[in-house]
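Just below is one structure, and these are the notes that go with it.
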Protein chains: 2
Amino acid sequence: MNKKKEILLKIAQLLFTEFGVAEVSLRQIAAEAGISHSNLIYHFPSKNDIIIALHHQLMEKAIGLNKQVQAASHPLQGLYHSTKIGFTILYEYRFLMIDLPHILRDNKILHNTFLDLEKLRADMYLIEIQKATDQNLMRQELYQGEYTGLIERIKIFSDAWIASSAIYDSPENNNVIEKYIKLFMGFFYPYLTDMGRSVFDEVYFQ
Amino acid sequence: MNKKKEILLKIAQLLFTEFGVAEVSLRQIAAEAGISHSNLIYHFPSKNDIIIALHHQLMEKAIGLNKQVQAASHPLQGLYHSTKIGFTILYEYRFLMIDLPHILRDNKILHNTFLDLEKLRADMYLIEIQKATDQNLMRQELYQGEYTGLIERIKIFSDAWIASSAIYDSPENNNVIEKYIKLFMGFFYPYLTDMGRSVFDEVYFQ
DNA sequence: AATAAAATAGTACATTTGGCCTAAATTTAC
DNA sequence: GTAAATTTAGGCCAAATGTACTATTTTATT
């Protein structure tokens, strides 16, 4: 990726975050970058191209940083750390999440990428939960599909917390990430065994 | 409310649902209604006025229909029925939920109305949970603020399931409401006592 | 240094959109 | 039946936006 393009993307990202994707025009981005409208178009023919490039950046970061947390001592710790990192990265690119339904509607490629990624994540959660039940950290299902349902709820939460934050949290609040990580971890608590809870407390309150 | 205005609102609602609020212009709505652009503006000076009117309709319906479920025999039943009705109404006006962050950002009045309503709902949930623990249908909190966290997650889910559905579910799927009601009810299951679970199964699988 | 490629700016155009004003038509009220 | 009001339509304007084309400047390559 070109140095110049990265600067332009950074500016676009900041504007999108502050005003929303729909409210920012290519001309505004160009003005903010101190270049001409035509020049911006030379680099990114349309707003969609900018969004795709930013989305690509996000994916790269997510993959890169996730490698650091492969070796977790137990499932709950891995869950906690990958959540923390994932949420932090996502928050940087929160304009994507706030506009998610629109962006994906307008963009078949991103939509498919997104669906693939979500599928991977769902599988990952299923494996982690499986590990946790094997190690007697989480209890067995009380009914068929209980944990599948949990994962569905988790997915919705993961996609939605940023939009929710935009509605409920004041812009000055800079503890939002912690707040939503805590809420996220709360999803698992009622499924934990006694042993699971003591491990959980240990991980969570280091 | 004027008869003519109601027709116009219905048309706007359908267009918003199909294409999204941002993508529909006043001229399109007017064209669809078979009237002139100026005439539509005579009734609704701006798109915002249409959105506010539709939001008002939604509130009226929600209040009206909720009166029918005041007398529930026990907390879980009340929760289930009010969820069912609430979700059904909300789905009719799903364009509001899909665009929620944008609409509320552009509209201080709606934003405040929304926050007030969410506060009421949170209180309602707290009361229902209190009732359920008193009647030994739900267990006591395992830690301070456990149920407050649950309610927060429930709120996010309630605000987000429609947007999530727009991403994950195919448009032909007309069982989405049932799907998300089921997921919603799953929030409570791990907190239920043995007695609570038998009551739950009774309510849920009538 | 010369030449090709890449980057930048300027301009112009068509389209869309919200807003505004005026005039005609229709309905309502007396 | 007539006057007043409400409702409707048409036209016009200004701003914004995406898009395309051309010309100039800068950078890279040899």
Side-chain angles (χ1 to χ4, degrees), chain A residues 1-57 95-96 98-99 102-110, chain B residues 1-57 95-96 98-99 102-110:
Chain A
M1 175 68 66
N2 198 316
K3 182 94 182 176
K4 180 73 182 244
K5 283 193 179 183
E6 274 181 24
I7 295 171
L8 293 175
L9 287 178
K10 191 75 204 162
I11 290 169
Q13 183 191 344
L14 292 175
L15 288 174
F16 288 162
T17 302
E18 190 172 353
F19 303 110
V21 173
E23 281 71 26
V24 176
S25 68
L26 290 178
R27 279 179 168 83
Q28 267 177 274
I29 297 169
E32 192 71 21
I35 64 172
S36 72
H37 169 227
S38 336
N39 193 7
L40 177 58
I41 281 180
Y42 172 77
H43 291 291
F44 299 100
S46 77
K47 199 151 80 168
N48 225 346
D49 294 296
I50 295 179
I51 292 168
I52 290 172
L54 283 168
H55 186 263
H56 193 253
Q57 270 191 2
F95 77 90
L96 282 171
I98 289 174
D99 277 299
H102 281 116
I103 291 174
L104 297 188
R105 189 211 290 247
D106 297 345
N107 206 311
K108 273 266 173 286
I109 298 165
L110 280 197
Chain B
M1 175 69 66
N2 197 316
K3 181 93 183 177
K4 180 73 181 242
K5 283 193 178 181
E6 276 182 21
I7 294 171
L8 293 175
L9 287 178
K10 190 74 204 162
I11 290 169
Q13 184 192 342
L14 291 175
L15 288 174
F16 287 162
T17 302
E18 190 172 354
F19 303 109
V21 172
E23 281 71 26
V24 175
S25 68
L26 289 179
R27 279 178 168 84
Q28 267 178 272
I29 298 169
E32 192 71 21
I35 64 173
S36 71
H37 168 228
S38 334
N39 193 7
L40 177 59
I41 281 180
Y42 171 77
H43 290 291
F44 298 100
S46 79
K47 199 151 78 170
N48 225 345
D49 293 295
I50 295 178
I51 292 168
I52 289 172
L54 283 168
H55 186 264
H56 193 253
Q57 270 191 2
F95 77 91
L96 282 171
I98 290 175
D99 277 299
H102 281 116
I103 291 174
L104 296 187
R105 189 212 291 247
D106 297 344
N107 206 312
K108 272 267 173 285
I109 298 166
L110 281 197

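Protein chains get the first letters and strands the later ones, always in sequence-line order, with residue 1 at the start of each.
- OP1 and OP2 of D:dT17 both lie 4.0 Å or more from every side-chain N or O belonging to A:His37.
- When the side-chain hydrogen bond (donor to acceptor under 3.5 Å, both in side chains) test is applied to B:Asn48, the partners found at least two apart in sequence or on another chain are B:Asn107.
- When the P atom of D:dT7 is taken as reference, atom NE2 of B:His43 falls 6 Å away, rounded to whole Å.
- Taken to the nearest 0.5 Å, the CD1 atom of B:Ile52 stands 13.5 Å off from the NZ atom of B:Lys47.
- Distance, A:Phe44 CZ to C:dA7 C1': 14 Å, rounded to whole Å.
- Applying the 4.0 Å criterion to OP1 and OP2 of D:dT17, one finds that A:Lys47 has every side-chain N and O outside that range.
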Distances for protein N or O near nucleotides 21-26 of chain C N or O, under 3.5 Å:
none

Can B:Ile51 and B:Leu110 be said to form a side chain to side chain contact (heavy atoms under 4.5 Å, CB included), step by step?
-> CA-CA 9 Å; B:Ile51 292 168; B:Leu110 281 197; 4.1 Å; yes

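- Of the side-chain N and O atoms in A:Asn39, one or more sit less than 4.0 angstrom from OP1 or OP2 of C:dA9.
- Here C:dG18 presents its P atom at 12 Å from CG of B:Asp49, a figure rounded to the nearest Å.
- Rounded to whole Å, the distance from NZ on A:Lys3 to P on C:dA7 is 16 Å.
- Contact annotation: A:Tyr42 side-chain N/O to C:dT8 OP1/OP2 distance is not under 4.0 Å.
- Note: B:Leu40 CG to B:Leu8 CG = 6.0 Å, rounded to the nearest 0.5 Å.
- C:dG10 atom P lies 14 Å from atom CD1 of A:Ile41, rounded to whole Å.
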Compile the donor-acceptor pairs under 3.5 Å between side chains in residues 14-39 of chain B and protein atoms, sequence neighbours left out, one pair per line.
unit_1: B:Thr17; atom_1: OG1; unit_2: B:Gln13; atom_2: O; d: 2.7
unit_1: B:Ser25; atom_1: OG; unit_2: B:Gln28; atom_2: N; d: 3.2
unit_1: B:Gln28; atom_1: OE1; unit_2: B:Ser25; atom_2: N; d: 3.2
unit_1: B:Ser36; atom_1: OG; unit_2: B:Asn39; atom_2: N; d: 3.1

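- Remark: A:Asp49 pairs with A:Phe44, A:Pro45, A:Ser46 by the side-chain contact (heavy atoms from CB on, under 4.5 Å) rule, at least two apart or across chains.
- Taking a 6.0 Å sphere around CD1 of B:Ile109, one finds it holds 12 or fewer heavy atoms contributed by other residues, nucleotides or ligands.
- Atom-to-atom, CG of B:Leu40 to P of C:dC20 comes out at 15 Å; the value is rounded to the nearest Å.
- Rounding to the nearest 0.5 Å gives a distance of 7.5 Å between CD of B:Gln57 and NZ of B:Lys10.
- Residues that satisfy the side-chain hydrogen bond (donor to acceptor under 3.5 Å, both in side chains) test with B:His43, not counting sequence neighbours, are absent from this structure.
- D:dT8 atom C1' lies 15 Å from atom NZ of B:Lys5, rounded to whole Å.
- Contact check of residues 16-35 of chain A against DNA chain D (heavy atom, cut-off under 4.0 Å) returns A:Ser25, A:Leu26, A:Arg27.
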